[in-house]
Amino acid sequence: MPTAPAHDAAADRRCDVLVVGGGINGAGIARELAGRGLSVVLVEQHDLAQHTSSASTKLIHGGLRYLEYYEFGLVRKALAERERLLRSAPHIMGPLSFVMPHDPSMRPAWMIRAGLFLYDHLARREWLPDSRTVALRRHEAGAPLQPHLTRAFVYSDGRVDDARLVVLCAVDAAARGARILTRCACTQAQRDAQGWTVTLAPRGGAPRTVRARALVNATGPWAAHFLDERVHLPHARSLRLVRGSHIVVPRLFAHEHAYLFQNPDRRIIFAIPYQQHFTLIGTTDVEHEGGLERIDASDDEVRYLCAQASRYFLRPVTPADVVWRYAGVRPLLEDESGNPAAVTRDYQLVLNTQGGAPLLNVWGGKITTFRVLAQEAADLLGQPLGWRASRWSDTAFLPGGDLRSLLPRLTRPDEDILRFDAELARRHPSLPPAMRRRWVHAYGARVALLLGTELGAEVAPGLHEGELRHLHDAEWARSADDVLWRRSKLGLHYAPEARERVAAWWLQNYGEMAA
């Protein structure tokens, strides 16, 4: 797969579709449209995945708890996508086994078994295993838990590097001809019968205009604001902005299973093995009020997550253990639910052709269903603009996901990525193992791009100048934070001095671009 091409202000200023928003839905739609042969421009006011799409629980899942709210259609759609997504990008995704300790005071065993039976059978599976019951005193997952917990239910879903998923969608879109413009705000969009005249304001550059036949509003939590302030069109749909916060603590258990814990407030939290040395705990559901530029996990949310995890683990989790906290605002469809946890996670695509050229508004959504959302969005736009439906992405790999450059035959994606790593180690024995494994899980088959580069000096442990230049040139990184917290999670592993060295190198070579 080629690297993402660079574009500048001299690029062609006409396109079929202009997509506003560089989160998972915007990047997915741009990829889908470009793969159908359309000319596409994607604009994002900040970095790719800087907001909600990098602040998830890092899961590819059907949403077991949504069954309790009768969201059968959403769960079926998400379950049908799990194995397809895992096959498309085994370097940034993988299967994950979840252990749900049974607390009879929360939900009766029959209800959980019924839910898991539905979860197993709502959509076809090829290799993820069936759910089962285990005795915790005889299972490795029981060792870190309170002794009164004796039985658990085990089921399978998947994990994902959410920010890299967004970046790889953008890389694929660009390789198929799309223009990706980050740090570029859409300040105005005017409609006529033939198209849209859109004013773009790149950070540090002069405003420019683009003519587009259709406009996509994929701005997530900003969707209503975008229509009100940039497009100046009325809209009937409203969003419920719900903040989800997470904490990361030093690793609480040695095994590779994740936990799903039921709480007395009828909510659930996850405790997930994360980045080899940590445990990720989340999430909350809190009504969000205030601005959207910077979202922080509150102290109350941190205490809540610690308290709920401590109900299950032998070793209490305290706020002092937290090494990183993050939060994002989910743009959920308003459905009049009193409980934020019960608000639907489904999405709605609304095509508006009244008064001129097509406008597609994306309301809601979740990471697991981004690809089918993108397909539906492209199909909707095809009706007024006259292009045919396509299902090209059903079997397509994401960049780096096709491992056949080193493997003669693909089997199961979780096994393939291990074999790929072993073959890379055999062919390049001088690569430090920790750096090689990180490269494998960040770049997959695209690791060849780094192997063909002069790495240069080591700026921080395992991070060389050549990789930093690659992230700038091929993945739109424009600040040290883009590298440390979104293109990678090295910021979590580095001491402050190492993070400062990366920031100093970036400032010297590119200048530090503010968020």
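The chain is numbered in sequence order, starting from 1.
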Pair [X]-[Y], side-chain donor/acceptor within less than 3.5 Å:
X	Y	result
Q188	T199	no
R211	T197	yes
D300	S298	no
H91	D161	no
E467	W439	yes
D16	S39	yes

Rounded to the nearest 0.5 Å, how far does [atom2] of [Y] lie from [atom1] of [X]?
X	Y	atom1	atom2	result
R36	W387	CZ	CH2	9.0 Å
E229	T187	CD	OG1	12.5 Å
Q190	T209	CD	OG1	10.5 Å
S245	R325	OG	CZ	8.5 Å
S56	I60	OG	CD1	8.0 Å
I24	T368	CD1	OG1	10.0 Å

Could you tell me if the side chain of [Y] sits less than 4.5 Å from the side chain of [X], heavy atoms only?
X	Y	answer
W196	L359	yes
E83	L128	yes
V216	V17	yes
P358	L215	no
L181	L200	yes
D394	Q375	yes
L86	W127	yes
V350	L360	no

Measure across [X] and [Y] and return the closest heavy-atom pair with its distance rounded to 0.1 Å.
X	Y	value
R469	N509	NH2-OD1, 4.1 Å
G115	L67	O-CD1, 3.4 Å
V167	E475	CG1-OE1, 3.6 Å
N25	A218	C-CB, 4.5 Å
P331	L241	CA-CD2, 4.1 Å
K58	L280	CG-CD2, 3.7 Å

Name the one of E301, E287, E289 that satisfies salt bridge (Lys or Arg N to Asp or Glu O under 4.0 Å) with R243?
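The residue from E301, E287, E289 that satisfies salt bridge (Lys or Arg N to Asp or Glu O under 4.0 Å) with R243 turns out to be E301.
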Students often mix this up, so state it plainly: with edges at 30° and 60°, are the rings of F270 and H61 parallel, tilted or perpendicular?
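Judged by the thresholds at 30° and 60°, the geometry between F270 and H61 is perpendicular.
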Under a 4.0 Å N-O cut-off, is there an ion pair linking [X] with [Y]?
X	Y	answer
R82	D157	yes
D296	R294	yes
D402	R446	no
D47	R478	no
R412	E126	no
R65	E68	no
R330	D285	yes
K77	D346	yes
R391	E32	no
R371	E81	yes
R388	D379	no

If you take the centroid of each ring, where Trp contributes its six-membered ring, are [Y] and [X] closer together than 6.0 Å?
X	Y	value
Y443	H470	yes
H51	W222	yes
F420	H441	no
Y510	W506	yes

Can you check side-chain contact (heavy atoms from CB on, under 4.5 Å) on F370 and L165, steps first, answer last?
CA-CA 10 Å; F370 87 89; L165 176 61; 4.0 Å; yes
For the pair H472 and D482, evaluate side-chain hydrogen bond (donor to acceptor under 3.5 Å, both in side chains) and give the outcome as yes or no after the intermediate values.
CA-CA 9 Å; H472 177 276; D482 294 354; over 6 Å; no
I would like to know whether Y155 and Y119 meet ring-ring contact (aromatic ring centres under 6.0 Å, His included); could you show each step before the answer?
CA-CA 9 Å; Y155 70 96; Y119 208 67; 5.6 Å; yes
Using the side-chain contact (heavy atoms from CB on, under 4.5 Å) rule, pick out the option among L492, T279, V249 that qualifies with Y274.
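Only match with Y274 under side-chain contact (heavy atoms from CB on, under 4.5 Å): L492.
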Verdict with reasoning, D265 to Y304, per side-chain hydrogen bond (donor to acceptor under 3.5 Å, both in side chains)
CA-CA 11 Å; D265 58 6; Y304 170 85; 2.7 Å; yes
The test is side-chain contact (heavy atoms from CB on, under 4.5 Å); show your working for W485 and S54 and say whether it passes.
CA-CA 9 Å; W485 297 105; S54 62; over 6 Å; no
One pair to check against side-chain contact (heavy atoms from CB on, under 4.5 Å): F397 and L403. What are the steps and the verdict?
CA-CA 10 Å; F397 293 100; L403 305 178; over 6 Å; no
With side-chain contact (heavy atoms from CB on, under 4.5 Å) as the test, would you mind laying out the steps for D162 and S53 before giving the verdict?
CA-CA 6 Å; D162 50 6; S53 293; 5.9 Å; no
Using modelled atom types and a 3.5 Å cut-off, is there a donor and acceptor pairing between side-chain atoms of [X] and backbone atoms of [Y]?
X	Y	answer
R159	P273	no
E44	G22	yes
R176	R31	no
T57	L59	no

What do the steps show when you test F278 against H493 for ring-ring contact (aromatic ring centres under 6.0 Å, His included), and what is the final call?
CA-CA 10 Å; F278 303 95; H493 298 270; 5.6 Å; yes
Atom CD of residue position E293 - does it have more than 12 heavy atoms of other residues, nucleotides or ligands inside 6.0 Å?
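Atom CD in E293 is packed in, count exceeds 12.
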